[in-house]
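Throughout, numbering of the chain's residues begins at 1 and tracks the sequence. Being a predicted model, the structure only gives us computed values, none of them experimental.
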Amino acid sequence: MNNGTDTSEDTPEVIEQDIIDQTIEVGSGCDWRGSGVEPQWHNPKSIKAYDHIDRHHGPKLKPLNFRGRAASKNQPQGQWLNAQD
């Protein structure tokens, strides 16, 4: 922010708002190789499956929350706008 007003460089850019390929299913169909029991991919409230996505990319976050992470990782950061997706 510059003197309390937004400028174009202060506003995150929305790249894509739609699901690009609805045929892709969560879990990718690969055999589970992680530790413990496989996550409950079918359950959107599963902490093991979706905690990272919810905390770091979820709809409750404000777009400006991504600025620091994008800068520190030098990679674009995405956000889920609908928790059911």
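For the atom pair W80 CH2 and Y50 OH, the distance stands at 9.0 Å (nearest 0.5 Å).
Although no hydrogens or angles enter the test, the distance criterion places a donor-acceptor pair under 3.5 Å between the side chain of Q79 and the main chain of L61.
Screening residues 42-57 for salt bridge (charged side-chain N to carboxylate O under 4.0 Å, His left out) gives D51-R55 as the qualifying pairs, with residues at least two apart or on separate chains.
Residues satisfying the ring pair (Phe, Tyr, Trp, His ring centres under 6.0 Å) criterion with H56, sequence neighbours excluded, are H52. For the side-chain contact (heavy atoms from CB on, under 4.5 Å) test, residues two or more places apart in sequence or in another chain that qualify with N82 are Q84, D85. Partners of N65 under the side-chain hydrogen bond (donor to acceptor under 3.5 Å, both in side chains) rule, at least two apart in sequence or in another chain, do not exist in this structure.
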